[in-house]
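Here the structure is a predicted model, which is why all the values come from computation and not from measurement. Below, chain A is the first sequence line, B the second, and so on; all start at residue 1.
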Protein chains: 2
Amino acid sequence: METRELRYFVAVAEELHFGRAAQRLGIAQPPLSRAIQQLERRLGVALLERTSRAVALTDAGAVLLREGRAALDAVDAAGRRTRRAAHAATGGPDLVLVTKAGTAGELLSKLLDAYAAEAGAVTVDVLLCGPGEQEKLLRDGRADVALLHRPFDSTAGLDTEELRTEGQVALLPAGHPLTARAHLRLADVTALPGLPMPYVLAPDGTYVDGSGPPFRSHEQLYQLIALGRASAVLPEECRAHLPRDVAAVPVLDAPTVTTVIAWPPQSRSRALAGLVRAATRL
Amino acid sequence: METRELRYFVAVAEELHFGRAAQRLGIAQPPLSRAIQQLERRLGVALLERTSRAVALTDAGAVLLREGRAALDAVDAAGRRTRRAAHAATGGPDLVLVTKAGTAGELLSKLLDAYAAEAGAVTVDVLLCGPGEQEKLLRDGRADVALLHRPFDSTAGLDTEELRTEGQVALLPAGHPLTARAHLRLADVTALPGLPMPYVLAPDGTYVDGSGPPFRSHEQLYQLIALGRASAVLPEECRAHLPRDVAAVPVLDAPTVTTVIAWPPQSRSRALAGLVRAATRL
DNA sequence: CCGGATCGATACCCGAGAGGTATCGCTGCC
DNA sequence: GGCAGCGATACCTCTCGGGTATCGATCCGG
């Protein structure tokens, strides 16, 4: 199977529409139809159910979509890491570390300082991204190592070392009655009248959209809370950056957050090993 | 990057010889030279140092060899799993479980029985292979799930659940003086005069070749031990199959062996989840 | 119930590029 | 210095990927 065929199939499987997929790929529709037919013939498997009005994935097609995305990521990763290995010799970064914007600030700077002080330390670039993007960046080679937060981020398929565990705190407007309490329970802060959460913690530890107003950054969230328009539950670490008009109260029964350093298992470079070692020594 | 180019590069990088690589790939040498040049041009990276007498990998080339193998495995896996997903509907196996030949017999049959008794159980094929091959089979899609033994097998990049832990025993000819002891230490059995080990446990838990005679199967190994030509250290579980003329004595300070069930993180099918659940309930 | 719109498949053509053969240029060795 | 081994180059062929035009089926509005 060629990566071209995989890319074509993934595009069609995502769009479920040959015309749009062809447009996205920058080719005409007929060659795309033929390429998919050829792929099906070569695999001996029907991947798509087409009527002349709609396209749907077969079970096998769903498998190829999932596995094909992973394979394309792996191919991309091979190219990116190779290029970076070469450019590292001419001033590029040797390692790219990615973390969610607005998290692990203290821990990260301590880690970078500790690593930079080591013998043989190499250039480390830091990349900030939105939630859920880190794993993608690791898998497709744009990053080499990440700071993740269990159980929010998935660490499936990654090697990890635990760095720190912390509880979570509820963020409320300063002066709210509950801020007088020494600690809270989840039941106290979910569904506070007038203070909806922009997101809620699902039972499996991931965030899902809640009823509160949307926000784009931590600053926005803090401002919404200070204005008495929202509340939130976040790891303790956020207390370091809170404005004065937002109060934090520990939530005893919120799941514990573990910060881990994670990397793709097959890319065990010397530089990466050094960084991981520095991290575990913190 | 196309998989064809990756396959070509991996062949050359492994052979370090364009002629042999071309032969292995079933093409002539000139197109291979050109394909590699084109790959280097497209990546903008020198992958190979060629003199007219020898070929060597550059640092970037070594990265591409490692990452490229993983990417090719992922592409193969996508094709194999897709084909299997389709053939499962027409009588093929839904899941392929792989384990090292000669290990986990008792545990495996209990697992298969327990799973088969579940509602919604699907066909499970069992594949036996040599040491170190299981991870490869999982990564390239020939198998879906494996029984591995830590610390001998690497579980990097796999999701795992622990099933059982056990100590290790020294295998000696029946009647050997040490068989009178209730337990031993590693120091007692390494370098026994006249009883060399065909392999030795390296400090990191992997096997490396030792000074003893080579063997191809557990039966051969047992026979060598019975004849007084070798000794070995194996997980306790092997006691179930030992012939009468081989004695087993626990080795207190040998590393504990953990049997785990492992699967590639992105292939979380319903059938696989059921099998894993059955395994953890054992 | 019919005509147009939509969408995937087919027919046909063209050019890029993958692969083959012949040969060159360099290097180490007897 | 001649020769053998090896990778690179020159040049040819032909497959196949991609484009345009069009068909056939289906849905929908009037």
Rounding to a whole Å, what distance do you find between B:Arg7:CZ and C:dA18:P? 13 Å
From D:dG7, C:dA9, C:dC7, nucleotide with atom closest to A:Phe18 side chain: C:dA9
Near A:Asp76 CG, under 6.0 Å, is it more than 12 heavy atoms from other residues, nucleotides or ligands? yes
From B:Leu32 atom CG to B:Glu15 atom CD, the distance as rounded to the nearest 0.5 Å: 10.5 Å
Does A:Gln38 place a side-chain N or O at less than 4.0 Å from the phosphate oxygens OP1/OP2 of D:dG17? yes
Hey, does B:Arg34 reach any base, or is it just sugar-phosphate, or nothing, if we go heavy atoms under 4.0 Å? base
Please give, in whole Å, the distance from D:dC16 C1' to A:Leu32 CG? 16 Å
Please report the distance, rounded to the nearest Å, between CZ in A:Arg4 and P in C:dA18. 11 Å
Look at all strands and tell whether B:Glu2 reaches a base, only sugar-phosphate, or nothing, counting heavy atoms closer than 4.0 Å. nothing
Is it the case that the side chains of B:Glu2 and A:Thr3 hold a donor-acceptor pair, with the cut-off being a distance below 3.5 Å and no angle test? yes
Would you write out the dot-bracket form of DNA chain D, 5' to 3', with Watson-Crick and G-U pairs under 3.5 Å, [ ] for crossing pairs, | for pairs to other strands and . for unpaired bases? ||||||||||||||||||||||||||||||
Round to the nearest Å and state the distance from A:Leu25 atom CG to D:dG18 atom P. 10 Å
Residues in side chain to side chain contact (heavy atoms under 4.5 Å, CB included) with B:Leu127, at least two apart? B:Val96, B:Val98, B:Leu137
Among D:dA8, C:dT10, D:dG18, find the nucleotide with the atom closest to the side chain of A:Gln37. C:dT10
Looking at A:Ser33, I'd like to know whether one of its side-chain N or O atoms comes within less than 4.0 Å of OP1 or OP2 on C:dG8. no
Nearest-0.5 Å distance, CG of residue A:Asp73 to CG of residue A:Leu138: 11.0 Å
At under 4.0 Å between heavy atoms, what does B:Gln29 touch on the DNA or RNA strands: base, sugar-phosphate, or nothing? base
Where the side chain of B:Tyr8 is concerned, which of D:dG7, C:dT10, C:dG19 is the nearest nucleotide? C:dG19
Interatomic spacing from OG1 in A:Thr155 to CD in A:Gln134 - rounded to 0.5 Å: 11.5 Å
So if I apply the side chain to side chain contact (heavy atoms under 4.5 Å, CB included) rule between A:Leu39 and each of A:Leu48, A:Leu6, A:Leu47, which one comes out positive? A:Leu47
Could you work out which one of C:dT10, C:dA18, D:dT9 sits closest to the side chain of B:Pro30? D:dT9
In whole Å, I'd like the distance from the CG atom of A:Leu39 to the P atom of D:dG17. 12 Å
Map B:Ala54 and A:Ile27 onto DNA chain D by nearest heavy atom, then report which one ends up closer to the 5' terminus. B:Ala54
Identify which nucleotide among D:dG18, D:dC6, C:dG8 has an atom closest to any side-chain atom of B:His17, counting heavy atoms from C-beta outward. D:dC6
